[in-house]
Structure formats: structure tokens, C-alpha cells
K.L.:
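Structure below; questions to follow.
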Amino acid sequence: MLLTPAPARPATASPHRLRRSGPRSRTRNSRRLKAALLASAVSVCLVAASAPPTPLGVGDRLFPTLGNPGYDVASYDLSFTYPGSNSKPLQAVTTIDAWTTRTLDRINLDFAHGTVDSVEVDGRPADFASAGEDLVVTPERPISEGSWTRITVRHTSDPVSVKGEDGGWVRTKDGLAMANQADAAHLVFPCNDHPSDKAMFTIRVTAPNAYTAVANGLPAGVDKVGGSTTWTYRTQHPMATELAQVSIGRSAVLHRTGPHDLPMRDVVPAKDAKQLEPWLRKTPDQIAWMESKVGRYPFETYGLLMADASTGFELETQTISLFERSLHRARLPEVVRRVDHGARTVPPVVRRQRQPSYLVRPVAQRRTRHLVRGLYAEEKAHRPMETRMKAAYEVSDRWRAAGGPPALPKVPAPGQKIGIFRPNVYDGAALALYALRQEIGRPAFERLERSWVHIHHDGTATTADFEELASAISGRDLSDFFKAWLYGAKTPPMPGHPDWKSQAPVKKRGEGH
């Protein structure tokens, strides 16, 4: 909530009068003026603070109260204490360092599934209240624009799910992992839970000695005290909150080296380490293949987290991707599908950012990896991409009718946040990228992939940024192409394949002819 501007500064005495008044009078007038301004500001603050706290957002079309305006997070320091049971909350401390981008008398954080014990702002106790899925913090005094501020929240982090909530902690057979997409990191810790506000992370996990904890980034210390051990990890690159990952379990950590001496670690149930090793040791070669397509892997480490749980999905959490343990039984490892959503390594042909809305999700990381998977299958398993794309084209009109165009997906139903993960934003968006490759040619498309990764490394970008870069590299205006393929209700003709047809959506009973 913005602090209402203070009344305009009153006019000072004329210069002649000030000179006649002398130094003592000038000092007295200055003190009176400062006192009047302070009293006015305090009055305004009291009025603003008396208003009920309300949830805020940054304008995301699909998640209106996701993220918060008024500050830019620089870093998170997360501390979790795991009690050795998945039925009990973890004790936690979240410390946020941020720059304010406007004057604030309240600070909204996203947090919706835990008990807050206390909040401090710059070392001073602060009042707090819940409003929707926001934790609204009221510091002792307003924080002016351009200030560096530290917010410390002592709270619990509850792994027990609540009906209607998607994501957050995933309870495994031997511990916990995280699945913070979509819109779910704030079920684990207070944060500015929008991917447009990336930050550095330090993550500390204290657990009984029988457990091993692993998190994003590189290890920064292991301290054993009595019956418990504290594991610390730090990222070397900024990260969106939805990409945070913490694994706590009776795990083995398998180390190996990837391209360019990249340190790698896979986290697996200790009892399954030997069985999973043939599956896991393929990863370095797959990363090398990816690098040959889009450039060097951009982060400090990589690895797979094999969770002994039934989630129904895998997740590209930054530097450590989440897989179900049972996945290796179903198919060969497809790390090229996952090499890190956060890494933006699988051709991040339009980065997944919800800024200003989720409209860019479709042509982003996940969507792109579906195209990459097709290319990998074509080169390694001799399965033509054209066959896969033609099959997708045949049903693409149905996908658009059910879920909306690839870059303008329909809003998920209440309590169905993961409903945004529809075919139209996976294979449907991969189909749009394939159409772009057909339109501008493979050499230009590959230059676009590499340029996109290079230009936006560690940053944020939008669909409009991608459209602009694609037009620049291809040497022509592609706005009509993108308008049709990303936002059209019907699938446009496929460049180079005018004979391809898409089946009409099946009409429901009662719909018009």
C-alpha cells in the first residue's frame, strides 16, 4: 500500500525576512517546519495504517494476487528445521533483503500455509496480518523509496496439504521435496512469489542425522551438532521462487562431472542408488548435446532429484530437476526435456515469465523443450519430428478450443491452479515454434535460440521481446505470424505443409451449429 503523499511544503518566508530574522530565527523556523511536516506525515500514516489489509498483485492475468508491487527482492535466506516427520510443521525463518521501488507503509508478502510467530523489519518488531494469500506487514515507520530493507519472518512451514491447494511441499516415502509451480512457493515460505522477481538464495536445512538435505546451488557447509545436521546451499545465479527446491530424505548423493568440468550431483533414495545409476550417468552427454544446440549450460551445477513419491509430473527446478523415482522404468532418461526450466538451457525460445501475465508461458521453457525433445528423438532415435508435429497439428484446434491459444491460456478454475498446464501450452506451443522454424528457416531459428539465451541470461523477458528478436534475426516483420500462431482461436496453416489439417473441436450438447 502506498503512503499517501504528505501535503505540499508550505511557503517559506521571503529572503529579506529571513535575513532580518537572523540565524536563531532561521533555526527556529526550520524546526517548526520539520515538526509540522513530521506531524502531517504521521497523521497520513495513521490514516493509511488504519485501513484493512488487502491482498495485492503485480497484474498477472491468471493469478491476480500473485506477486507484490513496491519492492524488488535481492536475496532470500531460508532456514528450515525438519522434525523427522512429515505430519508435523517445520520451524522456519525467512529473511528477505529487498530494495523498495516506492514509499511503503505496508509490505505485502505472499504466504498462505503456515503460522507466523513474529516479523521484524530492519531489526524492529512489525505488526502483521493475513489478507487472502498475503501476509501484510506494517513496519514501525514507512520505508521510503529506494531504501534497502530487511524483513525477517519466523514461521512454520507445513507439509500437510490443504484441500484446494496445489504444490508446495511434496511428501515422499522418506522425507520431503518441493513442487512450487504454479503459484505455490508461498505455501512453503513468505516471498514475492512471481517469476519476474528473481533473487539469490541461501537455503539452510536442519534435520536428524539419518537424513540428507540438498537444495538449489552449491554446498556451503555441513554442521553436525548432537543428533542433527545443518546443510547449507547457495545459488550463484538469481532464481524465481517457483524454481526453489529442497530435498530432505534418506538419500544418496551421486557425484559426477559434466561438460567443462561442470559439477553434478544426483539425489536418489539410498536403497535405489545402484539401480538408478545406469539411468543417471547419461545426463552429462545429454547436456553436451544441448550445449551443441543452444550454448553453454549457464549455471553452477546440475543434477536430478529422484523423489520416491507419486506426483504425476516432473519439474524443472533450478540446478536440480524433480523426477518421480518410478520414471526410469517407463522410458530412457530425457534430461534434454528438463535441463532446467530455470537454466533456460533447453532453447528458451520465449522465456517463461508471468510478466505482465502468463501469456508468455506457452512459448517458454517447458513449451520449448517439447520441440527439443522432438529434435533429440529425431537425431538419437531416428523418429522424424515432422511426424510428431503433424500429429500435434491434427488436434491443435481442439487444444485451442479447450484451453485457449498457446499464449493466451484460459484462466484456471478455482482451486485448480495446475489447470494451466494444458496441451495447448505444451505441444501446442511447441507446434508454434516448429511453425516459426518452418517460416524463417532452420539456420535463422537456431541463431534465434542461441541469441535468446545469450541476451537474456539471468534476466527476465516477455513474449514481445521474443517477437522483436525473431523479427530482427529473420530480417522481416513477424507480427502477423505471431498474432495468428500465439493468439488465434484457430490454428493457422503450417508453413511448408499446406495439406495439414486440424480436426474441428467436438461441440457440446446445446452449442450452436
K.L.:
With side chains defined as the heavy atoms from C-beta onward, is the minimum distance between T232 and I203 less than 4.5 Å?
P.N.:
no
K.L.:
Looking only at side chains, do D117 and H155 share a donor and an acceptor under 3.5 Å apart?
P.N.:
no
K.L.:
Can you tell me if D60 uses its side chain to pair, donor with acceptor, with the backbone of L62 under 3.5 Å?
P.N.:
yes
K.L.:
Spell out, as yes or no, whether a donor-acceptor pair under 3.5 Å connects the side chain of Q318 to the backbone of P238.
P.N.:
yes
K.L.:
Would you find more than 12 non-hydrogen atoms of other residues, nucleotides or ligands less than 6.0 Å from K271 atom NZ?
P.N.:
yes
K.L.:
Can the ring centres of Y434 and W485 be said to be less than 6.0 Å apart?
P.N.:
no
K.L.:
For the residue pair P405 and N424, what are the closest heavy atoms and their distance?
P.N.:
O-ND2, 3.4 Å
K.L.:
Show the numbers, then the answer: is there a side chain to side chain contact (heavy atoms under 4.5 Å, CB included) between L176 and V246?
P.N.:
CA-CA 8 Å; L176 295 172; V246 171; over 6 Å; no
K.L.:
Taking the side chain as C-beta and beyond, is there a heavy-atom pair between L436 and F445 under 4.5 Å?
P.N.:
yes
K.L.:
Is the backbone of A392 close enough, under 3.5 Å, to the side chain of D427 for a donor and an acceptor to pair up by distance?
P.N.:
no
K.L.:
Less than 3.5 Å apart, any donor N or O on the side chain of T172 or D174 sitting next to an acceptor on the other?
P.N.:
yes
K.L.:
Looking at CZ of R171 and CG of D308, how far apart are the two atoms once the value is rounded to the nearest 0.5 Å?
P.N.:
14.5 Å
K.L.:
Quick one: are Y302 and I320 in side-chain contact, heavy atoms under 4.5 Å?
P.N.:
no
K.L.:
Measure the spacing between OH of Y233 and OG1 of T301 and express it to the nearest 0.5 Å.
P.N.:
10.0 Å
K.L.:
Any carboxylate oxygen within less than 4.0 angstrom of a Lys/Arg side-chain nitrogen, looking at D458 and K198?
P.N.:
no
K.L.:
Which value, rounded to the nearest 0.5 Å, describes the distance between T100 atom OG1 and I143 atom CD1?
P.N.:
6.5 Å
K.L.:
Measure the OG1-CG distance between T202 and L78 for me, rounded to the nearest 0.5 Å.
P.N.:
8.5 Å
K.L.:
Any donor-acceptor pair under 3.5 Å linking the side-chain atoms of H194 with those of S196?
P.N.:
yes
K.L.:
Do the non-hydrogen side-chain atoms of E277 and L254 ever get within less than 4.5 Å of each other?
P.N.:
yes
K.L.:
Counting only N and O atoms by type, is there a donor-acceptor contact under 3.5 Å from the side chain of R281 to the main-chain atoms of L276?
P.N.:
no
K.L.:
Between A126 and V137, what is the shortest heavy-atom contact and its length?
P.N.:
CB-CG1, 3.7 Å
K.L.:
Are F80 and T206 side-chain neighbours, meaning at least one heavy-atom pair lies under 4.5 Å?
P.N.:
no
K.L.:
With the side chain counted from C-beta on, respond yes when L90 and W169 share a heavy-atom pair under 4.5 Å apart, and no when they do not.
P.N.:
yes
K.L.:
Between the side chain of Y71 and the main-chain N/O of N108, is any donor-acceptor distance below 3.5 Å?
P.N.:
yes
K.L.:
For the backbone of R150 and the side chain of D122, can you confirm whether one donor and one acceptor N or O come within less than 3.5 Å of each other?
P.N.:
yes
K.L.:
For Q91 and T156, indicate whether the former's side chain and the latter's backbone hold a donor-acceptor pair under 3.5 Å.
P.N.:
no
K.L.:
Once the angle between the rings of W99 and W148 is folded into 0 to 90°, is it parallel (under 30°), tilted (30 to 60°) or perpendicular (over 60°)?
P.N.:
perpendicular
K.L.:
Taking C-beta and beyond as the side chain, do M306 and P269 meet within less than 4.5 Å on heavy atoms?
P.N.:
yes
K.L.:
Answer yes if the side chains of S85 and S87 hold a donor-acceptor pair under 3.5 Å, and no otherwise.
P.N.:
yes
K.L.:
For the backbone of L304 and the side chain of D266, can you confirm whether one donor and one acceptor N or O come within less than 3.5 Å of each other?
P.N.:
yes
K.L.:
F201 ring centre to R234 NZ or CZ under 6.0 Å, with the angle to the axis within 45°?
P.N.:
no
K.L.:
If you look at every heavy atom in Y393 and L431, which pair is closest and at what distance?
P.N.:
CA-CD2, 3.7 Å
K.L.:
For residues R450 and E291, report the shortest heavy-atom separation together with the two atoms involved.
P.N.:
NH2-O, 3.5 Å
K.L.:
Ring centroid separation for Y211 and Y82, is it under 6.0 angstrom?
P.N.:
yes
K.L.:
Indicate yes or no: at least one non-hydrogen side-chain atom of E120 is less than 4.5 angstrom from one of R154.
P.N.:
yes
K.L.:
Is the closest basic N to carboxylate O distance between D77 and R204 below 4.0 Å?
P.N.:
yes
K.L.:
Is it true that the side chains of T212 and S251 contain a donor and an acceptor less than 3.5 Å apart?
P.N.:
no
K.L.:
Step by step, would you call D183 with E242 a side chain to side chain contact (heavy atoms under 4.5 Å, CB included)?
P.N.:
CA-CA 7 Å; D183 184 21; E242 66 175 8; over 6 Å; no
K.L.:
Considering all heavy atoms of both residues, which atom of D134 and which atom of L56 are nearest to each other, and what is their separation?
P.N.:
OD2-N, 2.9 Å
K.L.:
Over all heavy atoms of both residues, which pair between A309 and E324 is shortest? Give the atoms and the distance, please.
P.N.:
O-CG, 3.6 Å
K.L.:
Distance-only, no hydrogens or angles: does the T319 side chain make a donor-acceptor pair with backbone N or O of G217 under 3.5 Å?
P.N.:
yes
K.L.:
What about the rings of H113 and H186, do their centers lie closer together than 6.0 Å?
P.N.:
no
K.L.:
When you measure from the side chain of S451 to the backbone of L448, do you find a donor-acceptor pair of N or O atoms at a distance under 3.5 Å?
P.N.:
no
K.L.:
Go through the steps to decide whether Y76 and T241 satisfy the test side chain to side chain contact (heavy atoms under 4.5 Å, CB included), and finish with yes or no.
P.N.:
CA-CA 9 Å; Y76 292 93; T241 50; 3.6 Å; yes
K.L.:
Could you state the interatomic distance from CG (D110) to OG1 (T65), rounded to the nearest 0.5 Å?
P.N.:
7.0 Å
K.L.:
What verdict does the side chain to side chain contact (heavy atoms under 4.5 Å, CB included) test give for W452 and I455, after you've listed the backbone C-alpha separation in whole Å, the side-chain angles of each residue and the deciding distance to 0.1 Å?
P.N.:
CA-CA 5 Å; W452 183 258; I455 292 171; over 6 Å; no
K.L.:
Which value, rounded to the nearest 0.5 Å, describes the distance between Y297 atom OH and I287 atom CD1?
P.N.:
6.5 Å
